[in-house]
**Student:** 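The structure under discussion is supplied below as structure tokens; questions concerning it will follow.
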Amino acid sequence: MLHLCENPHFRHSCLMFLVWAFQLVGLTSGFGLNSGLNQSLTYIWPLPYELTSGNETLTVNPALSLSVIGHGGNFRILREGFRRYKRIIFKFSSGISVSKNSRRIRSLYDISELRIIVKSGSDELKLGVDESYTLFVDKTEGKSVVWETIIEASTIYGALRGLETFSQLCAFDYTTKSVQISKAPWYIKDKPRFAYRGLLLDTSRHHFPVDVIKSIIESMSYAKLNVLHWHIIDTDAFPLEVPAYPKLWNGAYSKWERYTVEDASRIVRFAKTRGIHVMAEVDVPGHAESWGAGYPDLWPNTYCREPLDVTKNFTFDLISGILSEIREIFPFELFHLGGDEVNTDCWNKTPHVKQWLDENKMKPKDAYQYFVLKAQEIAISKNWTPVNWEETFNAFAKSLNPQTVVHNWLGPGVCLKAVEKGFKCIFSNQRVWYLDHLDVSWDEVYYAEPLEGISNVSKQELVIGGEVCMWGETVDTSNVQQTIWPRAAAAAERLWSTEEALSAANLTVLHRLQYFRCLLNRRGVQAAPVLNYYARQPPSGSGSCYWQ
């Protein structure tokens, strides 16, 4: 049966059978609905690179203190992160006030201090920043009754990932009304498999208020995702303020559904405190009809409004102006220029564009290439690395700037072709990682492999990671979180954890994902039941969070 699970044609049916069988065993062996979870499993998501555990249960002091050693103590991000996680850990605890001199009360707890050691003195957040960490929960040498908890990391961002793992080790016990760590001592050595672990959020098709975007970023940090791909603008709306071109946001749905420069800056700063990059997208030359609401000269003509007019200097001056205005807001080195789904019929149907094509001895497909390459030049001049959807690679790979990161979406096998030609690639195969496809099940997301077909190690390194995409046509603030979660978590573990670790935990994945979904719920994230046939469906009846 296990061999059948390796066959993609039988995987879903096989896994559902194993899920049923494993749950049946659970219900008859003392860890079913009424007796709690299987304590033999490691409920950490995503699964760490390496771990060992014991069989002791420890109590954690509600007045847990932080001791920072090394350069990390210089940074507000780390201390704010500790306070944030402390609120999460002790959310259900009454919290006994413990003074610094109250050694008697402190001695009632096994763990009263968390020590974090950070080697780097930099808070720069770049792609590939070291996110590794080591977490110890162990007895001190020579003092068997004293326990210590230490997180060691090269950077504050590794320390933040360690704090997330520590928070998942801590659980509130309702009987003793205390926070406990089970299965101590713990030794966890962890690092991400891929540098780029993304979630696309589309704010053009429906508007998301700033606080909602922040809540999504917060939830991303729980699964150790680290890139918010902000698809800000599209055909439907242009909600972003560009001070040099104030009429652009005339393309917003309304005067209330906009983002100021200050809004965008706050989102980027908020994300940085969670170790999350924000990659902005300005999609050109297609998907840009909304631009003409303020500047109609950008349309080829009034009845045929996209792609943007390739013949006018104003078009490229405006693109350059937008990128100049937002460069300081978005410090991440990658910038997405779109380039997908460009229907060039409009250019052929517009007399002045057709004349320009003839004069320059171009066909519409040549003008498409000309536009994309010119936009790339502009982005590179602003010190950005361009990212483009795969159509640009499929149409004119030989002409793309060698720095281009190819973003796969149409189907499988694209990253293989891209890396063979020396390009970096981001995996987002729509068949498995498009979250607006509501009939894609958690296991289809989980078992998708960004390195599909790529056996050469040097070529594998060109796949910088992957991204699940939350396109906005059928989501708004009312249902976005339950559409993202828990399926995004399935991709998050695929992007963080090694193949060896995942293979070893193959039969426990559903139980761990169900537990993580309930952890998200406890933290206020409206994650849907894991086993829904359609994403974001409500539960079908009464039952435990852990078995829906």
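Heavy-atom basis, side chains included; hydrogens, waters and symmetry copies ignored.
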**Student:** Excluding sequence neighbours, so at least two apart, what forms side-chain contact (heavy atoms from CB on, under 4.5 Å) with Asn313?
**Tutor:** Asp317
**Student:** Could you list all the side chain to side chain donor-acceptor pair (under 3.5 Å) pairs where at least one residue sits in residues 267-284, not counting sequence neighbours?
**Tutor:** Glu218-Arg274, His229-Glu281, His231-Glu281, Glu281-Trp389
**Student:** More than 12 heavy atoms of other residues, nucleotides or ligands under 6.0 Å from OH of Tyr85: is that the case?
**Tutor:** yes
**Student:** Could you check Thr344 against Lys363 for side chain to side chain donor-acceptor pair (under 3.5 Å), going step by step and ending with a plain yes or no?
**Tutor:** CA-CA 10 Å; Thr344 58; Lys363 297 183 182 300; over 6 Å; no
**Student:** Has Ser167 got a side-chain atom pairing as donor or acceptor with Glu164's backbone, closer than 3.5 angstrom?
**Tutor:** yes
**Student:** What side chain to side chain donor-acceptor pair (under 3.5 Å) pairs are there with at least one residue in residues 414-430, not counting sequence neighbours?
**Tutor:** His407-Ser428
**Student:** Sequence neighbours excluded, which residues qualify as ring pair (Phe, Tyr, Trp, His ring centres under 6.0 Å) partners of Trp356?
**Tutor:** Tyr370
**Student:** Run the numbers on Arg487 and Thr483 for side chain to side chain contact (heavy atoms under 4.5 Å, CB included), then give the verdict.
**Tutor:** CA-CA 8 Å; Arg487 292 181 302 160; Thr483 313; 4.1 Å; yes
**Student:** Kindly write out the residues that satisfy side-chain contact (heavy atoms from CB on, under 4.5 Å) with Pro192, not counting sequence neighbours, or none if the list is empty.
**Tutor:** Glu131, Arg197, Trp496
**Student:** Tell me every residue that passes salt bridge (Lys or Arg N to Asp or Glu O under 4.0 Å) with Glu306, counting only those two or more places apart in sequence or in another chain.
**Tutor:** none
**Student:** Could you measure the distance from the OH atom of Tyr157 to the CD1 atom of Ile77? Nearest 0.5 Å is fine.
**Tutor:** 4.0 Å
**Student:** Identify, with sequence neighbours excluded, every residue that meets ring pair (Phe, Tyr, Trp, His ring centres under 6.0 Å) alongside Trp291.
**Tutor:** Phe238
**Student:** Could you grab the distance from atom CD of Gln376 to atom OG1 of Thr404, nearest 0.5 Å is fine?
**Tutor:** 3.5 Å
**Student:** According to side-chain contact (heavy atoms from CB on, under 4.5 Å), who are the partners of Asn348, at least two apart in sequence or on a separate chain?
**Tutor:** Lys354, Leu357, Pro364
**Student:** Is the distance between the ring centroids of Phe516 and Tyr222 under 6.0 Å?
**Tutor:** no
**Student:** Taking only residues two or more places apart in sequence, or in another chain, which ones meet Cys469 in a disulfide bond (SG atoms under 2.5 Å apart)?
**Tutor:** none
**Student:** Is Ser320 reaching over with its side chain to a backbone N or O of Phe316, donor-acceptor style, under 3.5 angstrom?
**Tutor:** no
**Student:** With side chains defined as the heavy atoms from C-beta onward, is the minimum distance between Val342 and Val372 less than 4.5 Å?
**Tutor:** no
**Student:** Any donor-acceptor pair under 3.5 Å linking the side chain of Asn250 with the backbone of Gly294?
**Tutor:** no
**Student:** Does Asp358 reach the main-chain N or O of Met362 with its side chain, forming a donor-acceptor pair under 3.5 Å?
**Tutor:** no
**Student:** As a quick check of understanding, evaluate side chain to side chain donor-acceptor pair (under 3.5 Å) for Asn456 and Ser458, giving each step before the final call.
**Tutor:** CA-CA 6 Å; Asn456 184 301; Ser458 63; 2.4 Å; yes
**Student:** Supply the atom-to-atom distance Leu199 CG to Ile217 CD1, rounded to the nearest 0.5 angstrom.
**Tutor:** 9.5 Å
**Student:** Regarding Ser204 and Asp234, is there a side-chain donor-to-acceptor distance under 3.5 Å anywhere?
**Tutor:** no
**Student:** Sequence neighbours excluded, which residues qualify as side-chain contact (heavy atoms from CB on, under 4.5 Å) partners of Ile117?
**Tutor:** Ile69, Ile150, Glu152
**Student:** Backbone N or O of Asp439 within a donor-acceptor pair of the His437 side chain at under 3.5 Å?
**Tutor:** no
**Student:** Taking Asn388 for the side chain and Gly338 for the main chain, is one N or O donor matched with an acceptor at less than 3.5 Å?
**Tutor:** yes
**Student:** Does His287 offer a backbone N or O that forms a donor-acceptor pair with the side chain of Glu341 under 3.5 Å?
**Tutor:** no
**Student:** Keeping Arg494 on the side-chain end and Glu449 on the backbone end, is there a donor-acceptor pair under 3.5 Å?
**Tutor:** no
**Student:** Can you tell me how far apart CD (Gln168) and CD1 (Ile88) are? Round to the nearest 0.5 Å.
**Tutor:** 10.0 Å
**Student:** What class does the angle between the rings of Tyr196 and Phe332 fall in, given that below 30° is parallel, 30 to 60° is tilted and above 60° is perpendicular?
**Tutor:** tilted
**Student:** Whether the side chain of Glu493 engages the backbone of Leu47 through a donor-acceptor N/O pair (distance < 3.5 Å, no angle test) should be reported.
**Tutor:** yes
**Student:** Out of curiosity, Thr392 OG1 to Leu337 CG, how far, rounded to the nearest 0.5 Å?
**Tutor:** 9.5 Å
**Student:** How would you list all residue pairs meeting salt bridge (charged side-chain N to carboxylate O under 4.0 Å, His left out) that involve residues 326-338, not counting sequence neighbours?
**Tutor:** none
**Student:** Can you name the residues that form a ring pair (Phe, Tyr, Trp, His ring centres under 6.0 Å) with His207, not counting sequence neighbours?
**Tutor:** Tyr259
**Student:** Answer yes or no: is there a donor N or O on one side and an acceptor on the other, between the side chain of Asn226 and the main chain of Ala195, under 3.5 Å?
**Tutor:** yes
**Student:** Measure the CZ-CG distance between Arg305 and Leu298 for me, rounded to the nearest 0.5 Å.
**Tutor:** 12.5 Å
**Student:** With distance as the sole criterion, is a donor-acceptor pair present between the side chains of Thr350 and Asn301 under 3.5 Å?
**Tutor:** yes
**Student:** Side chains of Thr165 and Tyr133 only: does a donor on one sit below 3.5 Å from an acceptor on the other?
**Tutor:** yes
